[in-house]
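Beneath this line is the structure, given in structure tokens, with notes to follow.
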Amino acid sequence: MGGLLEVYAQETPAGAIALVTHGDVIRATLCSLLGIPLDFIHRFEIHLASVSKLLLHEDGVQVQFVNRQASAVW
């Protein structure tokens, strides 16, 4: 896979990281990791202050959830 997310995950002892960013960056990341053309970026709806969880594996990515309310995650 490769990329900045993988580098960050490898540099942490537990392999877990939290990133805070804007909705378009989240949409673009989902498109990239899932092999979806950027033409479809706005097919993902990302709400303000929502949480998305991705599991990065050597052979790909697993989307655990997208757009969950922060209070439901913790």
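Here the straight-line distance linking atom NZ of Lys53 with atom CD of Gln62 works out to 9.0 Å at 0.5 Å rounding. With values rounded to the nearest 0.5 angstrom, Leu34 atom CG is found 13.5 Å from Phe40 atom CZ.
Leu54 and Ile41 fall into different hydrophobic clusters, where Ile, Leu, Val, Met, Phe, Trp and Tyr residues are linked whenever their side-chain heavy atoms come under 4.5 Å apart, directly or through other members. Linking ILVMFWY side-chain heavy atoms closer than 4.5 Å, directly or via other members, places Leu33 and Leu30 in a single hydrophobic cluster. Criterion: ILVMFWY side-chain heavy atoms under 4.5 Å apart, direct or through other members. Under it, Leu56 and Leu4 are part of a common hydrophobic cluster.
Put simply, the side chain of Thr29 gets close to the backbone of Val25: a donor and an acceptor are under 3.5 Å apart. Using modelled atom types, no side-chain atom of Asn67 and backbone atom of Ser50 make a donor-acceptor pair closer than 3.5 Å.
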*Can you list the steps and then say if Arg27 with Leu38 is a side chain to side chain contact (heavy atoms under 4.5 Å, CB included)?*
CA-CA 9 Å; Arg27 288 182 188 96; Leu38 279 177; over 6 Å; no

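Pro37 and Cys31 make their closest contact through O-SG, 4.0 Å (heavy atoms, listed as atom of the first residue, atom of the second, distance).
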